[in-house]
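Just so it is clear: chains get the letters A, B, ... in the order the sequence lines come, proteins before strands, and each one is counted from 1.
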Amino acid sequence: MRKFVLNYLIPRIGQYFLVIFLGVTLTFIIPRLSPSDPVERQVSQLMMSGSHVSPEAIIAMREALTEMYGLSGSLWEQYLAFWGRLLKGDLGPSLSSFPTPVTQLLATAMPWTFGLLMTSIIISWIVGNILGALASYYEKNVAIQIVDVVSQAVRPIPYYIMALVLLAVFAYWIPIFPFSGAYPPGTRVEFSLSFILTVIRHSLLPLFSLVLIGIGGWFIGMKSLTSNIISEDYVVYAENAGLPKNRILSQYIIRNAMLPQITGLALQIGLIFSGALIMEVVFGYPGMGTLTFQAVMANDYTLIMGITLLSIVGVATIVLILDFIYPLFDPRVRIQ
Amino acid sequence: MLTVIRDLLKYDGRFRVAFVFLLLTLILAALSLFSPYAPNRTFLVPQDMPPSLQHPFGTNSRGQDLLWWMAFAVRNSLILGIITAIVSRIIAIFVGLVAGYRGGGIDRLLMSFNDSFVVLPVLPILILLSFLLQGQLSLVALALLLGLFGWPWDARLIRAQVLSLKERSFTRTAVYSGTPPLKLTLREHLPFVLPVVFATTINNMLWAIGMEVTLSVLGLSDVTVPTIGTTIFWANQHQALVAGVWWWLAAPIIVAVVLFLGLYLLFSSVNEFIDPRTRLRRIGA
């Protein structure tokens, strides 16, 4: 047990903090390396809006903005202050919907993204892996071969284009799904059956898009993993021993191919998350993706910062949780 | 090389499809050289004409012939993919070879950086970056930037390969006969790693072109340069779908699907070809 903690858990936790450290440092450095000065931009935007502002007011505003962006003091002081505010959970006020704090906007958007992302990952991972294993075990089956062709065709398509095609087909051409949003505009957000049903109806198309691409990926991965396993001696032995096919499939084949797929999930969470963000933009789903889009449109710098930071911490945390449950599936790590 | 292509054409259906798709894409990209006018000139042809013999892809609301525009777009998207792939390949090969061969502390250090980069969600970071550079992010700059983020998956793969090469007897022979480490890595290990590098290059291009689409759609790249992403951006700006100008979106989508499928099928076909076990199974030997 001690060895397990020392050799497995501690390095994972260390890795977790390294990711967050690197991510936060990158988010700190990027704006300071960029040639455009956010304060200057904000000021010139205000000047361009045509209203007359006295020079003294501009100076005062410039100071206030410099303070708010954390641009006062030496680089090192700025960096420490940046961390200080982060640890207190202070991401500053949103510029477009001033003075609502960024954290409040994030808190309303995050559950939507989290729900969509988790549901799609769980469905696509399980379905994709089972289908992938079936594909190499029943190579000649026609239905499986169709799944194979569809997966190969769907896998490489970028999330945005896939979403656009599904939206055009299922909401515009054959309008069976609502065009955008998670509920009709003006609906009161409440905890009632009818509201939940509306949300589910609106979420089906974005969910379907994410699941479709996801299944394609896991299916292909699992198929290539299992196609090597089915010729292993222990599988041949189990077959000769006359074990039921279901048992061979679940206990001998899937059980062994599952581990690299869990690792694969941890390695791809960042990509899947990015995909979910862009998917939300297409479907106008009220999560972090749409929030990002609004922030970009409204030039809301603090909000974009906040989204970036939350994404880094969120994705790193999901990976850490996956690392924690991995030993449950891999006895070798557990018994070490 | 030619015999490999001939064999693949003969035995692998996926390779045949990939071959045709990529050929179509390249022909379209090459057409940009014969375009009668520069891509960003507007109002040269009647607006909003559906696809016809005269305008195979139709014309858009900005008075551009989508065929010529798409020719430039696919060329630029390909250039972006290639630049990103080259940059990220250089980093991946370097990190992978060094970490794999040196092992120990350097390996652990490089791999924990590597794994951190794998986990970091690239899209929000790129959105922040390109938001700050708004409009100033040229196609080449974007390609270089993507290259800086696109290496860690492949570095991992290369390292794993080198780790197993290190245990082979030829490595020991080379070490005992006094081959310096640099020469050993470049002369003896790199050739083994290159097929993997080639396969992942295609995958990396797919990622880069897809990322460009995402950023352009948000209006975060230089939207005056025609790419697959900026085409969709302009179509959205003019609300093409609502206005019924569906071909404005259909053109980039069809071109993208052909390009992506072509590249992906090439990737998976080459990937299987590299692995002798699957290659034998396919040819049936």
Peer 1: What part of B:Trp207 gets closer than 4.5 Å to chain A, counting heavy atoms only: side chain, backbone, both or neither?
Peer 2: side chain
Peer 1: Which distance, rounded to the nearest 0.5 Å, do you find between the OG of B:Ser112 and the CG of A:Leu18?
Peer 2: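 Result: 5.5 Å between the selected atoms.
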Peer 1: Evaluate the criterion side chain to side chain contact (heavy atoms under 4.5 Å, CB included) for residue pair A:Tyr159 and B:Thr214; output intermediate values, then yes/no.
Peer 2: CA-CA 9 Å; A:Tyr159 284 93; B:Thr214 307; over 6 Å; no
Peer 1: Using non-hydrogen atoms and a 4.5 Å limit, figure out which bit of A:Ile220 sits close to chain B: side chain, backbone, both or neither.
Peer 2: side chain
Peer 1: With rounding to the nearest 0.5 Å, note down the distance linking CE in A:Met162 to CZ in B:Phe260.
Peer 2: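 A:Met162 CE to B:Phe260 CZ: 11.5 Å, rounded to 0.5 Å.
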Peer 1: For A:Met297, is it the side chain, the backbone, both, or neither that has a heavy atom closer than 4.5 Å to a heavy atom of chain B?
Peer 2: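 Just the side chain, heavy atoms under 4.5 Å.
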Peer 1: Quick one: what part of B:Ile232 sits under 4.5 Å from any heavy atom of chain A, side chain, backbone, both or neither?
Peer 2: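 Side chain only.
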Peer 1: Heavy-atom distance under 4.5 Å to chain B: side chain of A:Leu271, backbone, both or neither?
Peer 2: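 Side chain only.
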Peer 1: Select one option (side chain, backbone, both, neither) describing which atoms of A:Leu267 are under 4.5 Å from chain B's heavy atoms.
Peer 2: both
Peer 1: With a 4.5 angstrom heavy-atom cut-off, could you sort out which part of B:Leu259 is near chain A: side chain, backbone, both or neither?
Peer 2: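 Neither part, no heavy atoms under 4.5 Å.
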Peer 1: Quick one: what part of A:Thr292 sits under 4.5 Å from any heavy atom of chain B, side chain, backbone, both or neither?
Peer 2: side chain
Peer 1: Measure distances from A:Leu277 to the heavy atoms of chain B and classify the residue's part below 4.5 Å as side chain, backbone, both or neither.
Peer 2: side chain
Peer 1: How long is the gap from CG on B:Leu132 to CE on A:Met305, to the nearest 0.5 Å?
Peer 2: 8.0 Å
Peer 1: Using heavy atoms and a sub-4.5 Å threshold, report which of residues 118-128 of chain B line up against chain A, by residue number.
Peer 2: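 Listed by number: B:Val118, B:Val119, B:Leu120, B:Pro121, B:Val122, B:Leu123, B:Pro124, B:Ile125, B:Ile127, B:Leu128.
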Peer 1: Could you tell me which portion of B:Asn203 (side chain, backbone, both or neither) has an atom closer than 4.5 angstrom to a non-hydrogen atom of chain A?
Peer 2: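 Answer is neither: B:Asn203 stays 4.5 Å or more from chain A.
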